[in-house]
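These numbers come from the heavy atoms of this one structure, side chains and all, not from hydrogens, waters or symmetry mates.
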Amino acid sequence: MAVLVIAEHSNAALNDATAKTVSAAKAFGGDIDVLVAGHNAGAAAAAAAKIAGVRKVLHADGPAFEKQIAEAMEALIVPLMAGYDALFAPASTSGKNYAPRIAARLDIMQLSDISAVIDKDTFERPIYAGNAIMTVKSADAKKVITVRGTAYPAAADGGSAAVETIAAPAGPFAAAFVSEELSKSDRPELQSAKRVVSGGRALASAEQFQQYILPLADKLKAGVGASRAAVDAGYAPNDYQVGQTGKVVAPELYVAIGISGAIQHLAGMKDSKIIVAINKDEEAPIFQVADYGLVGDLFKIVPELTEKL
Amino acid sequence: MKVLVPVKRVIDYNVRPRVKPDGTGVDLANVKMAMNPFCEISIEEAVRLKEKGVATEIVVVSIGPQQAQETIRVGLAMGGDRGILVQTDQTVEPLAVAKILKAIVDAEQPGLVITGKQAIDDDANQTGQMLAALLGWPQGTFASEIVKDGDKLKVTREVDGGLQTVALNLPAVVTTDLRLNEPRFASLPNIMKAKQKKIDMKTPADYGVDIAPRLAVVKVAEPRKREAGEKVADVDTLISKLKTAGAI
Ligand SMILES: Cc1cc2nc3c(=O)[nH]c(=O)nc-3n(C[C@H](O)[C@H](O)[C@H](O)COP(=O)(O)OP(=O)(O)OC[C@H]3O[C@@H](n4cnc5c(N)ncnc54)[C@H](O)[C@@H]3O)c2cc1C
Ligand SMILES: Nc1ncnc2c1ncn2[C@@H]1O[C@H](COP(=O)(O)O)[C@@H](O)[C@H]1O
């Protein structure tokens, strides 16, 4: 049996999600190859070769792969799958973008966002915003799977796999990258941060979000998240959204500030180890999942907490 | 340009889903159902494209039970022109949905298909991408802005690091994200007018698509329950509790 893991990377560096996906592939079993598809991505390929348990790294390099455009990923990966029993990709916005194209071309029903591998045909995945966990058995001979990042620890380094260069289709493709606007921050990345501080609608403006949430995050060396309401209102950028349709996080400490705790928000954070909620409404549903709840006005509590930490 | 908008009937997003005691699924008996929120955003975007003169006709499609007709009617009341219901009482997985949609696209020849990014019941996030691949079309997933630019469609996408813009050849598939627009409420006159609009009744067999599921549900279980913790009196207590717990 052989598994192809698709690496998530920035060309210069490998993202944590890759080693987590390798862990899920190990639970599935068989030889594990990692595909690094990128542009000038030699450094990412070298990093992938160091993950323990990887048989070899396939490195495909070309301009169309700089941003892993889905149409290009499909053209590259569909033929490769002749040699593999399963494809494992991170359930990132990138993996969610290209994996279903590959599944459809191979006539396979994709298993999205799995949280556990039971055996080579059987998997667990959350449905209904994590309000139910479904165990499904796939009848397809091959599998196309995206893996929930919080479900698996990153596989350790210690390997020394060979890197094999493979041809990258040149296109042209029917879609092209134009531009990007990435949020810049020196804080830990939301999905790999050990601590996360999130703000909700109660922050009431972008200025107050920055004034109250960021200093606390800095004190805690935490990543910053937000509820959908805070993002919709423009208090925080879209990539801060935690929840069913945003990012899923499971840090050691999650601090929810002025967030009510709608099921769609809980879906993205309720597997955090310790949850702290600060909310002026003692009936807010967030308190039903919080280990420590503080009832009161965030505009008084948060500065005091930041100062005393 | 004709625009096709597939809409799914799902549990209303305000309802807390309950797992059936026998572990076979989620209880949908007597539960309020509604249009998948992302599909409302898709309809709204199609209507705005029509108001801008980019779209000429909006066809609203649903694959599901007889009651999915109501979901199509909501789309027609928001501004859709006509509907197609592909009726079945079976569960239709995203791959089979994509195959049926492909057959409808082959027949209708739209220039653009707008799907939701995700159905809030199965949380699959794959139908639009699968349809694009089956058609050999480009895709703009998780869209927060769509602009027709000459013969291209520029789509701004919500991605993990921020925003990304891609240019798509047409025809194309777009999947909608939360920030694309705020769907309108249908007015009473438009709800009345929608009753006169035509809905074609079809079945999966009409399109020659085998909808037999590939995934057998072994069981559906409650997630691990999280116990509510304690309320603390003040910031000092919170800090000392967090220290004891090793969280800070
Ligand atoms: C299709 C769909 C997908 C969605 N996906 C997501 C998602 O991924 N993530 C997500 O977060 N949401 C998502 N939502 C939205 C979700 O349903 C809620 O609307 C949202 O989470 C509410 O955000 P909030 O808690 O910040 O705002 P509110 O619900 O308005 O809560 C604000 C809270 O702040 C408290 N408060 C007010 N003032 C103060 C003060 N001075 N001090 C302390 N507390 C105060 C209030 O008591 C209240 O509890 C989705 C919804 C839909 C329909
Ligand atoms: N049964 C269906 N009928 C019509 N459209 C559907 C159906 N299932 C999924 N879709 C479309 O595909 C999108 C994504 O669904 P999913 O891939 O299941 O998360 C939805 O928002 C709809 O636009």
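Contacts between B:Leu215 and chain A at a heavy-atom distance below 4.5 Å involve backbone atoms as well as side-chain atoms. If you measure heavy-atom distances from A:Gln264 to chain B, the contacts under 4.5 Å come from the side chain alone. Both the backbone and the side chain of B:Gln139 come within contact range of chain A, each with at least one heavy atom under 4.5 Å from a heavy atom of that chain. If you measure heavy-atom distances from A:Glu189 to chain B, you find no contacts under 4.5 Å at all. Within the 4.5 angstrom heavy-atom criterion, atoms from both the backbone and the side chain of A:Leu182 approach chain B. In this structure, chain A has heavy atoms under 4.5 Å from both the backbone and the side chain of B:Ala221. Both the backbone and the side chain of A:Arg228 come within less than 4.5 Å of a heavy atom of chain B. Interface residue A:Glu71: only side-chain heavy atoms are found under 4.5 Å from chain B. Residue contact with chain A, scored on non-hydrogen atoms closer than 4.5 Å, involves the backbone of B:Glu227 exclusively. For chain B, the nearby part of A:Ile69 is the side chain; its heavy atoms alone come within less than 4.5 Å. Using a 4.5 Å cut-off between heavy atoms, B:Val15 touches chain A through its backbone atoms (N, CA, C, O) alone. Neither the backbone nor the side chain of B:Asn14 comes within less than 4.5 Å of any heavy atom of chain A. Contacts between A:Asn97 and chain B at a heavy-atom distance below 4.5 Å involve backbone atoms as well as side-chain atoms. The contact between A:Val276 and chain B is made entirely by side chain atoms (from C-beta outward), counting heavy-atom distances below 4.5 Å. Using a 4.5 Å cut-off between heavy atoms, B:Ala172 makes no contact with chain A at all. At a 4.5 Å heavy-atom cutoff, the contact between B:Val19 and chain A is made by side-chain atoms alone. For chain B, the nearby part of A:Leu253 is the side chain; its heavy atoms alone come within less than 4.5 Å. Of the two parts of A:Lys67, the backbone and the side chain both hold a non-hydrogen atom closer than 4.5 Å to a non-hydrogen atom of chain B. With a 4.5 angstrom heavy-atom cutoff, B:Tyr13 touches chain A via backbone and side-chain atoms both. In this structure, chain A has a heavy atom under 4.5 Å from the side chain of B:Lys117, while its backbone stays farther away. Residue B:Arg18 does not touch chain A at all, counting heavy-atom pairs closer than 4.5 Å. Proximity to chain A is limited to the side chain of B:Ile11, based on heavy atoms less than 4.5 angstrom apart. At a 4.5 Å heavy-atom cutoff, the contact between B:Val159 and chain A is made by backbone and side-chain atoms alike. Heavy atoms of B:Lys99 lying under 4.5 Å from chain A belong exclusively to its side chain. For A:Ile263, the part lying under 4.5 angstrom from a heavy atom of chain B is the side chain only. A:Ser10 does not touch chain B: none of its heavy atoms, backbone or side chain, sits under 4.5 Å away. Both the backbone and the side chain of A:Ile275 come within contact range of chain B, judged by heavy atoms closer than 4.5 Å. Heavy-atom distances place the backbone of A:Ala290, and not its side chain, under 4.5 Å from chain B.
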Side chain to side chain donor-acceptor pair (under 3.5 Å) between A:Gln68 and A:His9: does it pass, once the steps are laid out? CA-CA 10 Å; A:Gln68 302 206 331; A:His9 62 85; 3.3 Å; yes
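Most heavy-atom pairs under 4.5 Å with chain A, from the set B:Gln164, B:Lys243, B:Glu182, B:Arg224: that is B:Gln164.
When the shell of 6.0 Å around NZ of B:Lys20 is examined, it contains more than 12 heavy atoms from other residues, nucleotides or ligands.
With respect to the salt-bridge test (charged N to carboxylate O, under 4.0 angstrom), the residues A:Asp107 and A:Lys142 do not qualify. Here B:Arg214 does not pair with B:Glu93 in a salt bridge; the nearest charged N to carboxylate O distance is not below 4.0 Å.
Of the N and O atoms on the side chains of A:Gln244 and B:Asp123, at least one donor lies less than 3.5 Å from an acceptor on the other residue.
At least one donor-acceptor pair under 3.5 Å links the side chain of A:Arg125 to the backbone N or O of A:Ser112.
Note that the CZ atom of B:Arg48 and the CG atom of B:Asn181 stand 4.5 Å from one another [nearest 0.5 Å].
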